[in-house]
J.: 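I have a structure I would like to understand better, so I am pasting it below and will then ask my questions one at a time.
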Amino acid sequence: MRGIKIGTVLGIPVRLNWTFLIVLPLFAYLIGSQVGMIAEVMNESLGAGIDPTALAGGFTPWALGLAAALGLFGGVLLHEFGHSIVAMRYGYEIESITLWLLGGLANFAEFPEDWKHEFWIAIAGPVVSVAVGLACYGVFALAPVGSNAVLFVFGYLALLNVVLAVFNMLPAFPMDGGRVLRAILARNQPHAQATQRAAAVGKVFAFLLGLLGVFSFQLLLIVLAFFIYIAASGEAQQTTLKAAFEDVTVADVMTRREDLHTVTEDTSVADLMSRMFEERHTGYPVLHGDDLVGMVTLEDARSVREVERDAYRVADVMETEVVGVGPETDAMTALQTMQEHGVGRLPVVDRSGELVGLISRSDLMTAFNVIQTGGTPSVIRGRRQGAEGGPGAF
């Protein structure tokens with residue numbers, strides 16, 4: 001998730017997503033507009049002794065709303081650092097922590113598959129939230145009688161941080177409780193299967209949360225339900241792909257050089273479009289002699305008006321900053337590289353820089369379907385053995 005970098009703490013970049021810049025003033029407004037009602041709730045639940053009328057004048061409600069909103073997101077940030085610090089102790093890399101519309105998000109370079117690691121990483125965030133809530137309650141309890149603003153802000157943050165911890169422990173994968181559920185399931189079953197089951201539970205919770213949002217007219221709950229459903233589906237899919245592609249390399253799946261369709265820099269865009277139609281390919285490596293100099297796609301060709309395609313050459317429209325992978329790269333890494341760079345195919349180059357093949361998203365999906373049908377990647381790996389002169393060539 002992209003955002004504006006505001007600093008680095010413990011080597012972790014902290015970012016603000018643009019949605020945070022919208023939701024922070026919105027939260028401040030909502031809290032400020034309900035100062036009296038919130039004060040009454042705290043008086044009943046915590047015996048706060050706040051005088052609501054003392055908070056109602058001038059800019060006081062809006063200042064309290066802003067202070068409470070900043071404190072709430074500060075607690076969310078500490079919650080994410082709780083996850084991150086434990087993860088780093090286990091050796092996992094944290095790419096960044098981002099504050100956004102629905103709170104915070106710690107971006108892991110790689111999700112843990114050891115169930116013990118995941119359990120303690122997941123539970124660390126809610127534990128920190130409870131600790132923050134207790135600390136705020138300590139300030140609240142020690143505040144002198146009559147300090148209405150201090151009582152309001154810290155009493156509010158004490159309640160909200162505990163609520164945040166409890167809410168996050170709901171078994172709605174990929175929330176913290178859902179990750180704890182997956183960790184428990186993964187004790188006695190494969191990680192991919194545990195992910196599928198935890199994701200199924202998460203989708204049920206997302207559906208129920210969405211219904212609650214609809215009937216209570218709470219847009220934020222509907223957005224949260226949508227996020228949980230999409231995130232659960234996405235991570236379950238990624239985990240299934242990773243399990244299927246275990247021990248499968250790019251060399252097992254790619255289209256090899258001898259079967260590869262290529263073009264030269266001098267090919268006209270008109271001829272390129274004709275070849276795309278005849279060969280039913282939408283992307284080609286561009287060679288200068290035996291050297292890879294770029295990639296050209298249907299989108300590149302479309303950038304030239306039809307009447308000018310005879311005059312333009314592939315060299316005029318091709319992408320020269322090409323991201324490639326090696327034949328020994330595992331298939332899942334190749335798919336992630338495509339996703340990160342927004343491309344549908346990658347040239348495969350060996351250690352000497354020579355083009356040895358091309359791997360596309362459709363190649364990977366075909367391999368995935370074969371593995372899923374056969375129940376094992378042995379068919380795909382057989383291609384590697386066959387290419388090396390062993391059994392199983394096709």
Side-chain angles (χ1 to χ4, degrees), residues 9 14 16 19-83 97 99-104 123-170 172 175-177 209 212-213 215-224:
V9 181
V14 179
L16 298 181
T19 56
F20 173 80
L21 303 178
I22 296 174
V23 77
L24 177 64
L26 176 61
F27 270 43
Y29 170 79
L30 292 174
I31 297 169
S33 64
Q34 301 178 64
V35 161
M37 183 187 72
I38 296 171
E40 291 292 351
V41 170
M42 286 193 289
N43 285 340
E44 293 177 7
S45 60
L46 299 177
I50 300 172
D51 180 6
T53 60
L55 306 178
F59 290 101
T60 302
W62 314 118
L64 292 175
L66 180 59
L70 287 171
L72 178 60
F73 277 100
V76 169
L77 186 60
L78 291 174
H79 176 108
E80 296 304 325
F81 270 108
H83 292 309
I97 293 176
L99 293 177
W100 69 304
L101 175 66
L102 298 178
I123 209 169
V127 168
V128 169
S129 291
V130 170
V132 172
L134 291 174
C136 290
Y137 182 79
V139 176
F140 167 84
L142 296 173
V145 176
S147 53
N148 293 292
V150 174
L151 290 169
F152 177 87
V153 172
F154 284 93
Y156 180 83
L157 293 177
L159 285 173
L160 260 291
N161 276 283
V162 173
V163 169
L164 176 67
V166 172
F167 181 76
N168 269 279
M169 285 305 295
L170 292 174
M175 289 169 52
D176 297 338
L209 191 63
L212 179 61
F215 288 115
S216 63
F217 302 102
Q218 294 288 331
L219 178 60
L220 192 60
L221 290 181
I222 298 172
V223 173
L224 180 59

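In this text, all values refer to a predicted model and were calculated from it rather than measured experimentally.
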J.: Within this structure, what is the CE-OH distance for the pair Met42 and Tyr156, rounded to the nearest 0.5 Å?
T.: 9.0 Å
J.: Does any pair with a residue in residues 40-60 pass side-chain hydrogen bond (donor to acceptor under 3.5 Å, both in side chains), and if so which ones, sequence neighbours excluded?
T.: Asp51-Thr53
J.: Atom CZ of Phe154 and atom CG of Leu46: how far apart are they, to the nearest 0.5 Å?
T.: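 Rounded to the nearest 0.5 Å, the CZ-CG separation comes to 14.0 Å.
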J.: Between Phe20 and Leu99, what is the shortest heavy-atom contact and its length?
T.: CB-O, 3.5 Å
J.: Quick test of your reading: applying side-chain hydrogen bond (donor to acceptor under 3.5 Å, both in side chains), list the pairs with at least one residue in residues 140-151, sequence neighbours left out, ordered by first then second residue.
T.: none
J.: For residues 31-58, which residue pairs qualify under ring pair (Phe, Tyr, Trp, His ring centres under 6.0 Å), counting only residues two or more places apart or in two chains?
T.: none
J.: Please list every donor-acceptor pair under 3.5 Å in which a side-chain atom of residues 159-169 meets a protein atom from a residue at least two apart or in another chain.
T.:
residue: Asn161; atom: ND2; partner: Leu157; partner atom: O; Å: 2.8
residue: Asn168; atom: ND2; partner: Leu164; partner atom: O; Å: 2.9

J.: Do you know the tightest heavy-atom contact between Gly213 and Leu221?
T.: CA-CB, 3.8 Å
J.: Just list the side-chain donor-acceptor pairs under 3.5 Å for residues 71-80, sequence neighbours left out, or say none.
T.:
residue: His79; atom: ND1; partner: Gly125; partner atom: O; Å: 3.1
residue: His79; atom: ND1; partner: Ser129; partner atom: OG; Å: 2.7
residue: His79; atom: NE2; partner: His83; partner atom: NE2; Å: 3.1
residue: His79; atom: NE2; partner: Asp176; partner atom: OD2; Å: 2.9
residue: Glu80; atom: OE1; partner: Ala106; partner atom: N; Å: 3.2

J.: Report the distance from atom CD of Gln218 to atom CG of Leu224, rounding to the nearest 0.5 Å.
T.: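 Reported value, rounded in 0.5 Å steps: 11.5 Å.
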J.: Looking at every non-hydrogen atom in both residues, tell me the closest pair between Ala149 and Leu64 and how far apart they are.
T.: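 Nearest heavy atoms, Ala149 then Leu64: CB-CD2, 3.7 Å.
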J.: For residues 25-39, which side-chain donor-acceptor pairs fall under 3.5 Å, sequence neighbours excluded?
T.:
residue: Ser33; atom: OG; partner: Tyr29; partner atom: O; Å: 3.0
residue: Ser33; atom: OG; partner: Leu30; partner atom: O; Å: 3.0
residue: Gln34; atom: NE2; partner: Leu30; partner atom: O; Å: 3.2

J.: Do Phe81 and Val128 pass the side-chain contact (heavy atoms from CB on, under 4.5 Å) test, and can you show the C-alpha distance, the side-chain angles, and the key distance before you say yes or no?
T.: CA-CA 9 Å; Phe81 270 108; Val128 169; over 6 Å; no
J.: Can you name the closest pair of heavy atoms from Leu24 and Ala69 and give their distance?
T.: CD1-CB, 3.8 Å
